[in-house]
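Chain identifiers are assigned alphabetically (A, B, ...) following the order of the sequence lines, protein sequences preceding nucleic acid strands; residue numbering begins at 1 within each chain.
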Amino acid sequence: MSEKTKQFWAGVRAEVPLLIGVFPFGMIYGALALNAGLSKPAAQMMSSIVFAGSAQFVTTQLVHEAAPGLVIVLTIAVVNLRHVLYSASLAPYLAPVSTRWKTLLSYLLTDEAYAPTILKYEKEEVTPHGHWFLFGAGLALWTIWQISTALGIFLGTAIPESWSLDFALPLTFIAMVVPVLKNRPAIAAALSAGIIALLAYSLPYKLGLILAALVGITVGTFMEGRE
Amino acid sequence: MNIWLVMLLGGVITFGMRFSLIYLFGRFQVPETMRRALHYVPPAVLSAIVFPELLLRDSVLDVSFDNLRLLAGSFAILVAWFSKNTLITILAGMIALFLLQYFL
């Protein structure tokens with residue numbers, strides 16, 4: 001197996017546990033989007049045009065409330081602001097690849113593709129075909145997101161709430177964050193971000209998440225500088 | 001505004017933010033402090049998502065034994081700590097929540 005193929009499948013494999021959490025999320029999105037009054041093609045295409053779970057849920061809600069288009073566009077921008085952080089975080093590792101690759105990988109860059117990729121890159125630094133890992137993780141997520149959206153659209157609201165499958169998503173994030181809490185700055189970053197996220201939860205447009213992340217990053221960096 | 005135009009603009013903006021610093025990195029050197037800071041993006045962002053998911057119910061803080069997601073999530077944190085395995089952690093958390101909902 002070539003190094004490219006190996007990296008690609010390693011990315012797919014690392015993504016599999018997250019797909020379990022994403023699948024029900026995509027189905028719920030599909031069902032809710034129809035319910036909110038989006039047409040089937042619009043509900044499906046949002047999953048490939050916007051391709052960002054929480055922004056799609058917010059858009060669905062705003063369509064339901066008949067919010068003006070400009071407000072929806074601005075809301076998508078604010079909810080997705082965190083992707084600038086992901087972009088900055090992955091940039092050093094993707095610096096050697098072509099602009100065409102950067103364009104493709106940026107399109108595929110979601111929370112769920114970012115998480116396993118940054119963990120791998122931090123462990124192994126830059127390898128010549130490392131971008132194939134992100135491609136594998138991103139493409140696996142993209143494919144499952146399209147399929148689960150389609151299933152959600154067609155199965156509609158038939159998913160029983162007692163399954164609590166949506167809980168798989170925070171559980172996935174738990175599984176990813178616990179192993180990186182290896183030192184005091186990382187623990188401080190996690191705790192401070194979590195507490196700010198709680199305090200700032202009522203801020204509109206998911207701004208609390210962005211604020212919490214920035215505080216956590218600052219606390220971690222400051223503590224590392226002192227140690 | 002037409003829903004398709006809304007989605008197109010939203011998609012372009014989202015792509016732009018994902019692409020921004022990946023693209024600009026070739027032209028600008030990221031300062032050392034920023035490089036260091038970026039190591040704390042994963043713990044900060046992931047915790048900022050997880051804390052409200054476990055501790056808030058209908059946007060209100062709920063630290064009690066009635067909050068089944070907090071109980072199941074705390075169990076999952078322990079499982080993650082000892083197993084370091086994503087799939088086992090998710091399964092443990094899902095089963096814990098199912099059992100708690102079934103018995104309580």
Side-chain angles (χ1 to χ4, degrees), chain A residues 17 20-21 38 42 45-46 49-50 52 55 69-70 72-73 76-77 80-85 87-92 94-95 102-103 106-107 109 115 118 164 167-168 170-181 186 189-190 193-194 197-198 201-202 209 212-213 216-217 220-221 224, chain B residues 1-11 13-15 17-26 30 33-56 59 61 69 72-73 76-77 80-81 84-90 93-94 97-98 101:
Chain A
I20 296 165
L38 281 156
M45 286 304 287
M46 203 199 311
I49 296 176
V50 180
L70 197 60
I72 302 180
V73 172
I76 292 173
N80 281 338
L81 248 185
R82 67 188 186 284
H83 289 96
V84 176
L85 293 177
S87 187
S89 170
L90 291 181
L94 297 177
K102 285 177 183 169
T103 308
S106 297
Y107 169 67
L109 181 55
I118 190 64
S164 304
F167 192 52
L171 284 174
T172 308
F173 291 128
I174 287 174
M176 314 220 72
V177 72
V178 170
V180 303
L181 303 178
L198 291 176
Y201 192 75
S202 53
L209 174 63
I217 292 161
T221 311
E224 186 186 317
Chain B
M1 206 191 294
N2 180 290
I3 182 64
W4 290 94
L5 187 58
V6 169
M7 293 199 304
L8 199 64
L9 287 174
I13 290 170
T14 302
F15 171 78
M17 288 192 290
R18 288 166 171 166
F19 190 56
S20 60
L21 292 174
I22 287 176
Y23 181 69
L24 288 175
F25 187 79
V30 174
T33 316
M34 190 178 170
R35 258 175 187 278
R36 196 203 293 164
L38 293 176
H39 285 146
Y40 297 102
V41 174
V45 173
L46 296 177
S47 302
I49 297 173
V50 167
F51 271 56
E53 289 278 356
L54 296 187
L55 289 160
L56 299 183
S59 305
L61 189 69
R69 288 188 175 220
I77 289 170
W81 183 262
K84 311 270 185 219
N85 182 306
T86 312
L87 209 54
I88 289 174
T89 303
I90 295 170
M94 292 299 291
L97 183 65
F98 179 80
Q101 282 175 340

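Open room surrounds OH on A:Tyr201; 12 or fewer heavy atoms of other groups in view lie less than 6.0 Å from it. Heavy atoms of other residues, nucleotides or ligands lying less than 6.0 angstrom from CH2 of B:Trp81 number 12 at most.
Options B:Gly11, B:Ser20, B:Pro43 differ in how many heavy-atom pairs under 4.5 Å they form with chain A, and the most are formed by B:Pro43. Interface check for chain B: of the options A:Ala193, A:Ala190, A:Pro179, the most heavy-atom pairs under 4.5 Å are formed by A:Ala190. Contact count against chain A (heavy-atom pairs under 4.5 Å) is highest for B:Ala48 among B:Ala72, B:Ala48, B:Ser59. Of the listed residues A:Ala186, A:Gly216, A:Gly194, A:Ala213, the one with more heavy-atom pairs under 4.5 angstrom with chain B than any other is A:Gly194. Contact count versus chain A (heavy atoms, under 4.5 Å) is highest, among B:Asn2, B:Leu5, B:Ile88, B:Ile77, for B:Ile77. For chain B, the option among A:Ala55, A:Ala42, A:Ser202 with the highest count of heavy-atom pairs below 4.5 Å is A:Ala42. In terms of heavy-atom pairs under 4.5 Å with chain B, the best-connected choice from A:Val178, A:Leu94, A:Val180 is A:Val178. Comparing B:Leu54, B:Leu56, B:Leu9 by heavy-atom pairs within less than 4.5 Å of chain A, the highest count is held by B:Leu56. Each of B:Leu46, B:Asn85, B:Leu61 has some count of heavy-atom pairs under 4.5 Å with chain A, and the biggest count is that of B:Leu46.
A:Leu171 has its side chain out of reach of B:Leu97: every pair of non-hydrogen atoms, C-beta onward, lies at least 4.5 Å apart. Between A:Thr103 and B:Phe15 there is a side-chain heavy-atom pair separated by less than 4.5 Å. At a threshold of 4.5 Å between non-hydrogen side-chain atoms, the residues A:Glu224 and B:Tyr40 count as touching.
Contact detail for A:Ala95 and A:Lys102: the closest heavy-atom pair is O-NZ, 3.5 Å.
Between atom CD1 of residue A:Ile76 and atom CE of residue B:Met17 there is a gap of 9.5 Å, rounded to the nearest 0.5 Å. Taking CG from B:Leu8 and CE from A:Met45, the interatomic distance works out to 9.5 Å, rounded to the nearest 0.5 Å.
Of the two parts of B:Val50, only the side chain, counted from C-beta on, holds a non-hydrogen atom closer than 4.5 Å to a non-hydrogen atom of chain A. For a residue to count as touching a neighbouring chain, one of its non-hydrogen atoms must lie under 4.5 Å from one of that chain's; by this rule A:Ile49 touches chain B with backbone and side chain alike. Contacts of B:Ile3 with chain A are made by side-chain atoms alone, with heavy-atom separations under 4.5 Å and no backbone atom involved. With a 4.5 Å cut-off on non-hydrogen atoms, A:Leu38 touches chain B through its side chain but not through its backbone.
No donor-acceptor pair closer than 3.5 Å links the side chain of A:Ser87 to the backbone N or O of A:His83.
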